[in-house]
Amino acid sequence: MKVCIFFVFFFYLIVPTGVVSAHPTNLDSIIVVLKSKQGNDFYNSAFTYLEDIIYNNPRFGAPILELIQDRINEENKQEYEFEVKYLEARLFHRLRKYKEASKSYLEAEFIAEKSGNHLNLVKVLIEYAYLQMMLGEYESASNKLFRARELALGLNKSEEEAKVYNGLGILNYFFNNDSLSLSFTYRARRIVQNTDNLEILCRTYEHEGLVFLRQDKLDKASEAFEIALDYRKKLGNLTHIGNLYDNFAIIARRKKDYYKALEYCELSISYKTLIHDEGGIASVKAIIGSIYLELGDYKQATAYMINSIETRLELGEIRGASIVAKRISETYEKVGDYQNALKYHKILKQLNDSLQVEKSIQNLDELTYKFELSEAEAQIKMTQAQNTVITVVAIALLGLLIFAGYIVYSLQRSKKKISLLNSELSEKNNVVELKSAELIQTNSELEKVNRDKDLLFGVIAHDLRNPLISLIGLSEILIEDADEMEKIEIVDYAKKLNISALRLHYLIENLLSWSLINLDKIEVQKENFNLRSEAEKVTGLLEGPANSKDIKLSNNIDEDIEVYADRNIISLVIRNLTSNAIKFTPQGGEVKIETIPDGDSIQIKVIDSGIGIPESKFEEIFSNTIISTAGTGKERGSGLGLMVCKKLINKQGGEISVESEIGKGSTFTIKLNKKSS
């Protein structure tokens, strides 16, 4: 079910805004009309027609785009360079040619950046972010949207700002953060509520409907989609009308009104047939196949799904085809046709392999193109500077000749003095050689320190950003929307702010500890203290992150256990180990802190039911190598925690070790002296 929503949702993302109704199917007539126009009249008309064709019938877009590019080359109209590249990117995007679209968006971004046109830069950053969300490149999409937001605020362009907020709403939809997703979407709606921009307004209702659909609030979803459908009919957007009927079909299917769902699918196909949207029709047929599957009609189900996958393979839609292949394989397995189940499982594997290769090629193309652009720009600057360099060199040579003459004259007069100086220099060279050996050793040590520093601050710069962005986003929502929120919503946002602030605090504290350790500035101040009370402080601080993943966090240390150690250091170590345990424990798991007597020592154990650690990684996790790994809830970490823990425990004269089994959890053990007599 989520798969269907995913693809219908993304169809919204690839459609550009601000179009007119131009009947693009009569391509020959359009080209004849355009060829008769001259000057700005030609470009204004051509861009309008191309916008409409991209929107309603993209397969006719290439001839119009070619006509525009030919006219620009003939008339040397470089001022339209960005617009052409931007429309080309959106055409590829709409045709699902994602590799070509990425390259064109990158070129358009470069042109806008180079010209200093921030409005154009905002436009391309938003559309490029939509494409990257479709391809699963969420971090890059997030960076583009936040940059677009900053530029839009500087331009004071409310509609561009609304587009950014709607994009941030969509991004948070993929992060499963529905409350933040809707907050951004509603902010976008408020901005355009009293304008004539029905396109942005419509998108907010479509997005709202998708969130409610995921939450299984079917009536609310249907209400939002009905409003969106009314706007789409006013705009004449055949593509979106068909997609909305897909969503109505999904709602009817969820309500088990299967025949109503099939009616909606037929309506969707009728609209998509008008605009020759073969990929869209294939998507609907996958939905129909799922409906027949629930009706128990496996023959019809597989027939529709096979038709869907064949069309998608012809169109090169590998991602969509892989999802349908998985569903077909599962269907055949369900009816006991293992031969066909195996056949489509093999197809699924081939498609997934192709996706990985395609992704690698796309990343390589983007890096190569960025290099080529920077190289070309450098070459231009070099050419512009050549004349200046020649002049400077000539002046410098003349100066050198005069200076050389002066030196020769001075040397003749100072021959005896130079001989004396040489003798003194010979003696000093011996001293210099000794110092050089010392400097080489010092430089080697400095290079290692610099490498560690660069690696560390690379990790820190990345991991500081995430909680800061979260703090900024959540606090902005509270500032702007608190008056309209229920108390329970405000409390929920406050909890999220607290979790982000704690993560930031722990990261900074680990960084400071790491710095003090490396500077040998840690002073251990041992004392007798109650271990259970310190552990209670830790569980209290980490209750929020644990609750957010429904993890049971318990302190099982006896009330009378005391240890002889540095209270602050032990608290920091237990907190790091417990925070790590929460990070790598899946939803609904358990983390506990307990102790075991061991002669004159005490063992403190932090035990989790998480994903476990391979034995080959045991030494690596306590080493000086900084390794940052995402948790089960995609939590980020600096990779400093365990390194800091080991060094701090060693400073105490204690020991730290780990036992773990993949899939069954981990146990970190600290061994310390008992209470001092």
[X] atom [atom1], neighbour heavy-atom count above 12 within 6.0 Å:
X      : atom1 : value
Glu536 : CD    : yes
Glu594 : CD    : yes
Glu150 : CD    : no
Lys526 : NZ    : yes
Gln215 : CD    : yes

Show, in sequence, the C-alpha distance, side-chain angles and deciding distance for Leu648 and Leu572, and conclude whether the side-chain contact (heavy atoms from CB on, under 4.5 Å) test is met.
CA-CA 9 Å; Leu648 290 176; Leu572 185 146; 3.7 Å; yes

Ile656 vs Leu577, test: side-chain contact (heavy atoms from CB on, under 4.5 Å). Steps then yes/no.
CA-CA 11 Å; Ile656 185 168; Leu577 294 178; 4.2 Å; yes

Evaluate the side-chain proximity of [Y] to [X]: yes if any heavy-atom separation is below 4.5 Å, no if none is.
X      : Y      : result
Val164 : Ile126 : yes
Ile569 : Lys651 : no
Phe225 : Leu210 : yes
Leu145 : Leu125 : no
Leu168 : Leu180 : no
Asn556 : Ile593 : no
Ile170 : Met133 : yes
Asp608 : Phe584 : no

Return the minimal non-hydrogen interatomic distance between [X] and [Y], and the atom names on each side.
X      : Y      : value
Tyr258 : Arg253 : CE2-O, 3.9 Å
Lys549 : Ile582 : NZ-O, 3.0 Å
Ala325 : Ile347 : CB-CG2, 4.3 Å
Pro586 : Ile551 : O-CG1, 3.9 Å
Leu672 : Gly654 : CD2-CA, 4.4 Å
Tyr165 : Ala188 : CB-CB, 4.0 Å

Test side-chain hydrogen bond (donor to acceptor under 3.5 Å, both in side chains) on Asp598 and Gln603 and set out the steps.
CA-CA 7 Å; Asp598 185 9; Gln603 292 184 17; 3.0 Å; yes

Would you say [X]'s side chain and [Y]'s backbone share a donor-acceptor pair under 3.5 angstrom?
X      : Y      : result
Ser579 : Asn576 : no
Thr331 : Arg327 : yes
Arg532 : Asn555 : yes
Ser571 : Arg567 : no
Asn673 : Tyr564 : no
Lys605 : Ile596 : no
Asp178 : Tyr173 : no
Ser660 : Gly665 : yes
Thr578 : Ile574 : yes
Ser601 : Pro597 : no

To the closest 0.5 Å, what do you measure between [atom1] ([X]) and [atom2] ([Y])?
X      : Y      : atom1 : atom2 : value
Gln132 : Tyr98  : CD    : OH    : 14.0 Å
Lys664 : Glu659 : NZ    : CD    : 14.0 Å
Ser142 : Glu137 : OG    : CD    : 13.0 Å
Phe529 : Glu562 : CZ    : CD    : 9.0 Å
Arg254 : Asp216 : CZ    : CG    : 5.0 Å
Thr539 : Leu553 : OG1   : CG    : 5.5 Å

Thinking salt bridges, do Glu534 and Lys537 make one under a 4.0 Å N-O criterion?
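Yes, this pair counts.
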
Salt-bridge criterion met for Lys255 and Asp219 (N-O under 4.0 Å)
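Between Asp219 and Lys255 there is a salt bridge, with a charged N closer than 4.0 Å to a carboxylate O.
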
Could you walk me through whether Glu208 and Thr185 pass side-chain hydrogen bond (donor to acceptor under 3.5 Å, both in side chains), step by step?
CA-CA 7 Å; Glu208 179 185 23; Thr185 300; over 6 Å; no

State, without any angle test, whether Arg189 and Asn166 hold a side-chain donor-acceptor pair at a distance under 3.5 Å.
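Asn166 and Arg189 do not have a side-chain donor-acceptor pair below 3.5 Å.
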
Looking only at side-chain N and O atoms, does Ser609 offer a donor or acceptor that is under 3.5 Å from a partner on Glu590?
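No, no side-chain donor-acceptor pair sits under 3.5 Å.
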
Establish, for the pair Lys217 and Phe212, whether the NZ or CZ atom is under 6.0 angstrom from the six-membered ring centre and no further than 45 degrees off its axis.
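No; the conditions do not both hold, so Lys217 does not lie above the ring face of Phe212.
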
is_close_aromatic(Tyr138, Phe174), centroid dist under 6.0 Å
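They qualify: ring centres under 6.0 Å apart.
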
With side-chain contact (heavy atoms from CB on, under 4.5 Å) as the test, would you mind laying out the steps for Val591 and Leu542 before giving the verdict?
CA-CA 11 Å; Val591 174; Leu542 297 177; over 6 Å; no

side-chain contact (heavy atoms from CB on, under 4.5 Å) for His207 and Ser181? Distances and angles first, verdict last.
CA-CA 9 Å; His207 179 214; Ser181 175; 2.9 Å; yes

